[in-house]
Every structure is written in structure tokens, then in C-alpha cells.
K.L.:
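Starting off with a structure, shown below.
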Amino acid sequence: MNEQQANAETGVDAAAYDFQAIQDRWLPVWDEMKPFEVANDLSDQRPKKYVLDMFPYPSGDLHMGHAEAFCFGDVLARYWRGRGYDVLHPIGWDSFGLPAENAAIKRGIDPREWTYANIDQQKSSFRLYAPSFDWSRVLHTSDPEYYKWNQWLFLKMYEKGLAYRKASWVNWDPVDQTVLANEQVLSDGTSERSGAMVVKKKLTQWYFRITDYADRLLDDLDQLEGQWPTKVLNMQRNWIGRSQGAEVEFEIEGRDAKVPVFTTRPDTLHGATFMVVAPDSDLAAELAASSSPEVREAFEAYLTATQKQSEIDRQNADREKTGVFLDHFAINPVNGERIPVWASDYVLADYGHGAIMAVPAHDQRDLDFALKFELPVRVVVEVRDEDGAVLEDPAVSGVATAGNGVLVNSEELNGLGKVEAIAKAIEVLEARGTGRAAKTYRLRDWLISRQRYWGTPIPILHGAEESNEGEMRPVAHEELPVRLPASEGLDLKPKGSSPLGAATEWSNVTDAEGQAWTRDPDTMDTFVDSSWYFLRFLSANDDTQAFDPKLVNAWGPIDQYAGGVEHAILHLLYSRFITKVLHDLGYLDFEEPFSALLNQGMVLQDGAKMSKSKGNLVEFASELKAHGADALRVTLAFAGPPEDDIDWADVSVQGSAKFLARAWRVAGDVASEPGVDFAAGDQGLRRHTHKLLADAPTLVENYKFNVVVARLMDQVNVTRKAIDAGAGAADPAVRESAEAIAMILSLFAPYTAEDMWSKLGHEATVALAVWPSADESLLVEDEVTLIVQVDGKVRDRLTLPASVSEADAEAAARASQSVQRAIGDRQIVNVIVRVPKIVSIATKP
RNA sequence: CCCCCUAUAGCCCAACCGGCAGAGGCAACCGACUUAAAAUCGGUACAGUCUGGGUUCGAAUCCCAGUAGGGGGACCA
């Protein structure tokens, strides 16, 4: 009986796939079962997998980007369950942050109201979308129960000297009226959040000393090779930006303390003909202050001009060099030479020591500067071109020679190559006590204080009377959390200082001794909140500690993390840093938080990023309503490799729905009973099923979800044929195939798979059914097709036993009529035999 | 300017260690069912792998050079 006949006889109802009815049938069952809740007692003997999606920010309802990210994370979580693992797959909300505050200001409401309403909305959308979350461990970073431990973390950092305050030039967002971390400033100089052009301000702010961990953060990336996308590893390496070289101390005439400079080329010290300091450095200000009024005036004007520049102008490497002479001289420690000290904005105050030795002959920037201000250029490395000719003097050519060469004009270094000269120069400096080998980094300390309301209050008290002026005191652990005061009556509008400062009742504290203090008015960067949340999930409801080290070490590190590449250097770097700190504090056994990382692409519309302003938004909610969760999830998984962007114009949700209906009907057609002996089934179909069972795990583990879905489509097609035109609906192999389809399909389409599972006579839930392993004996082929090539062209295909010997294969190939025709009267010069695949014959005339 | 990734049918994408270029889907076309359409079912057709070299018996796959698109970094001493 074929499908049409079945339709005619049983009526439309029984044969029609109705996603809405299927969703309505299973949601209440799952709600009741809570199949994905994980016990906290470690009693489960199955091996463990911790699978985590980057938690969402509650900026409204879920959107397509969420649908994609959570689809992929869920595929992996469900996969490991199917493989017999105890899987932890929690969910929470990253619910502090500026959007809530800005929305609250715009609507005149409390940020809490907006935040928690959005969380509720997202929760109910998630329920329908059906990721396999453990809903018993939900956390929201804006709950006092969570941020209490965020404050605990801050105090731990403070105790270890890893949290500190300093005055420095910082990135200031003039729209949001708050400081930003370096990581939050995009390469075009705009704010990651508001899009405003970031300006520099000198402010006293809180920092986490991430630079102390720079070497480990860089070196440990090697452990993640192959487990994290290469792109992310490279981005982090670039961001940390370690340079090796030397620190060299220069004396400055009329100044007691020596000035250290960092250089990667200590071999060129004899070619240093001037020194340059950053105009916004303390040293520049000091040197200018002790100069003539004219010099001082020129410097002040230059400093002002420098600070007016936009980030874009400043980053343009092609622009003309500018600077002022500070009327001071430094002494070159290797040759006692007196060299002038200039201030120029091509030297950065916060990199190295904010001062450089300029070697114009061998550094293009220094050369540009030297030529502009007519400073001497001295060649100390003789560099040759490919033909062995000495390159022209940079002073004439205008091109600095930065390559390898032989040292000249450099006393003891003369005749050495670049590498040896660097080593020797460091040796000489160390012997004289005027320098040493040194490293420096592009990475800066993490600025974590923000002048906004909706975040974790920094648990520090500042002295508020004469007797304790300038003192800082951490809030005692037992007094945590320092709760956010109600927003009522506070002006949340950005104005450059934290709104919390105005909450005087909250801010003013008198201690047991009667001393007056005021609370630190700033809140923490929300990236602090998200830098350790994955630890909290293990004991999300524990009010005695931030996380339970026993549980964390049993489950951690996270086996599979999934999220967007936009966090390549923000969240992922901070999390790695905090994990290492907590390891050093003795809480964690591991030093890297995320063993494997999947970065999904973006969902686009006609090649453009979806956005409200562009009006090309494909709404998650409406797609969910129109096609159902399963069709949406299958569409996302099938669209292509998960790392690639998905253009919504290229996909077909209807096509996915059609496939689901076909799969579902196969299950409905199965006519054998559960438990039937599969061994008696059709061998051809069984081979096909077991090939799928054998291949699916590798495919899923390599994130080839699109291929798995394609293989499922193929399996459904083959099974349909077996039912209609082959073994028939009662053949045990048809049941075996349908059950395999239901189990594997459950990764992508949990509702449809559950309904199939039920039709096949099994109890819910298919999500906890462990996949059967493939039967090896069904995977070996008896006969194979052997290809015969003559001079690289396929000339025949021979059907031979799979166990054919090399000699037999070659003989069969030579015996082939079409092969002989192809060879003709040419002479055979080589025969390559690779059984059971190919015989390749090479000839010549 | 430097670094990384990608390029296969009209479109989205598969192809293990180098071994028959095609798994799957979309769109198209033909047929079945239907009064008709939709849905469903069956079938058909469509590329030689961005370009140019090289290695090899054999290259989509490895190497070199280039083109196009995407991403990252960039006055970092």
C-alpha cells in the first residue's frame, strides 16, 4: 500500500503533519518530566559533559541570532545525551547593563522592570523553542543573590592586589557618559556600545591587573589549538601582542632618575640619535615644566592639539610627523652621546614606558621624524638586497632599513648579524647595569569601573572625614551584598558621574567606631559578571558560596561552549583571565574554562545584517508561529556549516517542514511491533541505517550539522522507497531505520522526533534514548567498484570482491576491453594499484 | 600595509589520508493523483571545482603566484 492509498483510506487527519498539534501534545509532557534536570549529588555514574551557550542579554524577545546560537548548542547537548552522557546544559541571563538603563531613562521606569519583563518574554519563547535546558539552575546576574558573589570576586581580586585604582587617560564614551575598557573600543575608534567616537579623559578608575597574566593568557592558547577556531586564537594572540626586546636606561641631564625605554632592537642602540616621549606622559610634562617659558608654551599648545585629535586621525599611519623639542638631552648609555629629547604623538604614553630611543636609520617612523626635523641619521646595520648590494643610506632614500644585516659603527657589536647582536647588546647592557632583556604587551589592564546605575556596586568604602581621608576599606564579606539602591528618585541620565553618588542615604556609611565613609559610586563592567557565571551554574541556588569547588571541578572545564565571534577578545579573554586567577587562589583544578568552542555565524537578510533600522528583520516570533520550532531549527542546522553566515534569502523553512512531514509519516507507516528482531530485516536498508549510525557521531562532533540533516533526508528517502516499493512496511529493517531517524532527528527537531518515537510505540522521551552502536558486520561491503584509470582518465569500472588482491585487481584491469582500447599500442610505464579503490595505468607512446 | 578565512551546478551546500566531482536541499522542467489548484508521489536536466603555474600515475584536495569576497590588526618602538 502506498502513501496516497493510505491517505484515501484513513482520511486526511491521520496522515497530515500538524506541527502545532505536536507541539501542544509534548510541551506539557516535558514540563512535567523535566528530563534535563541534573542532580547535584554527583551520584550519576555516566561520564559528564558540560555544554553551554553564551547566556543571552535580555534586550527584548529572542531574535534569529539567538535561534541560531541556541539551536547549535542544543544539538550538541542532545547529541551527548544520545551517546549516553550525563549532560549539564544550563541557562541564565546576563541582565545588568546599559541597554536596560537607557530604556528605563527613555520610558521613565525602573531598569528592573524592563529587564525582568524581557527575561520573562525570552523564557516563554525558549520554552516553545525547546532547547534542552536544565531550568532548575537559572541565574540572572542582576539578582542580589548573584551580584553578591560578583562583589566577593572583586574583593578576592582586591586582596590579591589584582584590583587597583589609578589615574590614567581612559576611553570615554560621550554618549553613554561612561568609561570603556580598551576591548570595548572598536578599531574605528567608536564605542562598541553606543557607536559614539570615543575620546580620552584623565580619570581615576578601577582596574583588574590582567597584564600580570599576559604570558599565560598567550602561551595557554596553544592548548586550545584545534579545539577553538583558529580565527579566535589569532585574534587573542594579536590582542595580547607580546613583544620581546630590552629595556634600556637613559640618563637625562639635570634629572636624577634615569628614564627606561623599551626597544625590540637593542642591537641598534649606537644608531639612536634622539629620544621621543609621549606628549601626554608624566615625563613630558615634567621636562616641559623645567624648560624655558617658550618651550613650555609650545609644548602646552602641542599637547592640547594632540588631545583634540580623533582616534581615526591619530591612527592614520600616513600622516605627517609632528612634535616639539623639549630642550633637554639624554645620554646614550652605550656611547655616552648627548641626544635631544622631543615630544611627539607617534609615541604612546601607555605602551612600554611612554618613551623611545629613536633609531631613524632602521625604523621608518623615526626616520620620517628625523627627516622632518633635520635630526641626524646614522646607519648601524648594513642591510643588503636580494642581489647582495648594500641598500641606499636611509637618509637619502627615505626608506628605513629594518631587515637583517651586519652591524657597523657599533663597537663591540660590529660584524655581528641582527639576532646575535641583539643577544650581545642585552649582555652588554646587563653587565653595565643600564638595561636588561624585557617583554612588553599590547594588552592593557582591564578597566572595570563604570559611571552608571544598572550594574554591580563596587564594594569599597572611601574615607569621608579628615581622620580617614584618602583611605579605602573593602566592605566585609559578611556585609555582602552591597545592594543597589532603588532607582526611584535617582537621576539615571548619563552625566559623567555615577548616579549612585547621589543616593546619599545609601552612600553614607558610619562604621562601628563612628567613622564616616562613602560608598564607591561606580558599578562594575558587566563583563565581570559574565567572566565566571559558568561556575555559578553548578550550584546556582547556593547562598553560602559563589560556586562549589567540588562540583565545579567534577564538571569543569566546560566541554563545549557555543556563542558568537563578537566575544572573541572580550568575554572569552576575561573569562580565561578570571579562571586563571581562581585557579591560583586554589578554587579550580583547571586553568582554561572552555575546552572546545563553536562560533556560529550571523543570520543575514539579502547579504546584510538584519536590523530594525534597515527594516529587513526576520522575526523569530513570527517564524516560530508560522512554521514551528522544529522546522526553524532544522532550517538553521541545514543551511550550511554553523560557522558560516546564513542568508535568510537562501533557505527554505517550508522545505524543512516538508522533510519533517516525510520523516514523521515514515514512523506512522511502520507496521512491525517494538522489539522485533532487526537481524531478520532487509539487508540493503539495514546497511544504509548502520552507515548512518556509524557516521553521525563524527559528523556531529565536527559540527557538520548540515551534513547530518542531509544524511537524515537521505535515510528518510531510502526508507520511504523500502516501504512503498521494497521490503514493505512490516519489514523489521523499516522499524530499525525509523527508530534511528527519530533518535538522530531529535537533535534538531525534538517535537517531531518525540511524536515519531511515540508512534513507534516507545515511551517519552526520545531525548534520553541512547543511540544503538553501528553493527560493524553491516558496514563491510562484499563487492566494490574498482576504478581503472589510464593516464589519469577513468576507462572502466569493475565490480570485484571487496577482498580482491592487488595482483587480481591489476589482472582484471589489464583484461578489460575498454582499458586495452585506451592503451592501444602505447607502452605501459607504470601501474599503481590501490585496492579496493583504483588501478592507475600510466603509458607513453 | 601586515595576518587569517573563503571561492564546487541558477542558488545554498557535500566530497575521509590526494583516488569515479555529487550526499542533501531550494529553484526549474516532465509525469502521476485532482474538475482544478495546493499538498503529495515518481522522474529529468544542470557544473568539472575563481585564474595561472608546479608536484604526482592521479589534484576540488598539497605547493607557489594572482583575483574576488569576508574578518582581524595596524605610528605598539
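Labels below follow one simple rule: chain letters A, B, ... track the order of the sequence lines, proteins then strands, and each chain is numbered from 1.
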K.L.:
How close do A:E247 and A:H353 get, heavy atom to heavy atom, and via which atoms?
P.N.:
OE1-NE2, 2.9 Å
K.L.:
Rounded to whole angstroms, how far apart are OH on A:Y17 and P on B:C41?
P.N.:
14 Å
K.L.:
Would you please confirm or rule out a distance under 4.0 Å between OP1 or OP2 of B:C26 and any side-chain N or O of A:K658?
P.N.:
yes
K.L.:
Out of B:C20, B:G42, B:C76, which has the shortest distance to the side chain of A:R444?
P.N.:
B:C76
K.L.:
Which one, B:G42, B:G72, B:G24, comes nearest to the side chain of A:M713?
P.N.:
B:G24
K.L.:
Could I get a table of every N or O pair under 3.5 Å where one atom is in the protein and the other is in nucleotides 12-14 of chain B?
P.N.:
residue	atom	partner	partner atom	Å
B:C12	O2'	A:A639	O	2.9
B:C13	O3'	A:N706	ND2	3.3
B:A14	OP1	A:N706	ND2	3.4

K.L.:
How close or far is atom P of B:C5 from atom CE of A:M235, stated in whole angstroms?
P.N.:
14 Å
K.L.:
Counting any heavy atom closer than 4.0 Å, what does A:T264 reach on the DNA or RNA strands: base, sugar-phosphate only, or nothing?
P.N.:
sugar-phosphate
K.L.:
Donor-acceptor pair, distance only, cut-off 3.5 Å: does the side chain of A:D267 make one with the backbone of A:A425?
P.N.:
no
K.L.:
Decide whether A:T211 and A:Y441 meet the rule of one side-chain donor and one side-chain acceptor closer than 3.5 Å.
P.N.:
no
K.L.:
With the side chain of A:N717 defined as its heavy atoms from C-beta on, choose the nearest nucleotide among B:A77, B:G24, B:G73.
P.N.:
B:G24
K.L.:
What is the base-pairing partner of B:A38, counting Watson-Crick and G-U wobble geometry with both distances under 3.5 Å?
P.N.:
none
K.L.:
B:C20, B:A77, B:G43: which one has an atom nearest the side-chain heavy atoms of A:I356?
P.N.:
B:A77
K.L.:
Pull up the glycosidic torsion of B:C12 and say syn or anti, syn being anything within 90° of 0.
P.N.:
anti
K.L.:
Can you tell me if A:N599 uses its side chain to pair, donor with acceptor, with the backbone of A:G563 under 3.5 Å?
P.N.:
yes
K.L.:
Using a cut-off of 4.0 Å on non-hydrogen atoms, how would the nucleic acid contact of A:V347 be classed: base, sugar-phosphate, or nothing?
P.N.:
base
K.L.:
Would B:G48 be called syn or anti, given that syn covers angles within 90° of 0?
P.N.:
syn
K.L.:
Compare all side-chain heavy atoms of A:Q244 with those of A:K439 and state whether any distance is below 4.5 angstrom.
P.N.:
yes
K.L.:
Grab the two heavy atoms, one from A:L572 and one from A:R576, that are nearest each other, plus how far apart they are.
P.N.:
O-CG, 2.9 Å
K.L.:
Let me have the donor-acceptor pairs involving side chains of residues 827-839 of chain A, under 3.5 Å, with sequence neighbours excluded, atom names and distances please.
P.N.:
none

K.L.:
Do A:D796 and A:Q817 make a side-chain contact, defined as non-hydrogen atoms from C-beta onward lying under 4.5 Å apart?
P.N.:
no
K.L.:
I'd like the C1' distance from B:U56 over to B:G19, given in whole Å.
P.N.:
12 Å
K.L.:
Determine the interatomic distance between C1' on B:G48 and the same-named atom on B:U8; round to the nearest Å.
P.N.:
9 Å
K.L.:
What's the CD-P distance between A:Q364 and B:C1, to the nearest Å?
P.N.:
14 Å
K.L.:
Taking N or O atoms only and anything under 3.5 Å, show me the protein contacts with nucleotides 56-62 of chain B, one pair per line.
P.N.:
residue	atom	partner	partner atom	Å
B:C57	O2	A:S840	OG	2.5

K.L.:
Looking only at side-chain N and O atoms, does A:R665 come under 4.0 Å of OP1 or OP2 in B:C41?
P.N.:
yes
K.L.:
What is the distance from CG of A:L233 to C1' of B:G72, rounded to the nearest Å?
P.N.:
13 Å
K.L.:
From the list B:C76, B:G73, B:G24, which nucleotide is the closest neighbour of the side chain of A:Y351?
P.N.:
B:C76
K.L.:
Looking at the base of B:C20, is there any donor atom on it, or on the side chain of A:K837, that sits under 3.5 Å from an acceptor on the other one?
P.N.:
no
K.L.:
Would you compute the distance between atom CD1 of A:I744 and atom CD of A:Q715 and round it to the nearest 0.5 angstrom?
P.N.:
7.5 Å
K.L.:
Under a 3.5 Å cut-off for both distances, is B:G69 Watson-Crick or wobble paired, and to whom?
P.N.:
B:C5
K.L.:
Side chain of A:I787 only, please: which of B:G42, B:C20, B:C75 is the nearest?
P.N.:
B:C20
K.L.:
So, the side chain of A:D645 versus the backbone of A:G601: is there a donor-acceptor pair under 3.5 Å, distance only?
P.N.:
no
K.L.:
To the nearest angstrom, how far is A:L283 atom CG from B:A77 atom C1'?
P.N.:
16 Å
K.L.:
Please give the distance between the C1' atoms of B:A45 and B:C29 as a whole number of Å.
P.N.:
8 Å
K.L.:
Would you mind reading off the distance between A:D350 atom CG and B:A77 atom C1', rounded to a whole angstrom?
P.N.:
13 Å
K.L.:
If only atom types and distance count, is the side chain of A:Q364 paired as donor or acceptor with the main-chain N or O of A:A400 below 3.5 Å?
P.N.:
yes
K.L.:
Taking any strand in view, what nucleotide pairs with B:G19 in a Watson-Crick or G-U wobble way, both distances under 3.5 Å?
P.N.:
B:C57
K.L.:
Across all strands shown, which nucleotide pairs with B:C29 by Watson-Crick or G-U wobble geometry, both distances under 3.5 Å?
P.N.:
B:G43
K.L.:
Take atom CG of A:D724 and atom C1' of B:U40, then tell me their distance rounded to the nearest Å.
P.N.:
11 Å
K.L.:
Please give, in whole Å, the distance from B:A23 P to A:F659 CZ?
P.N.:
18 Å
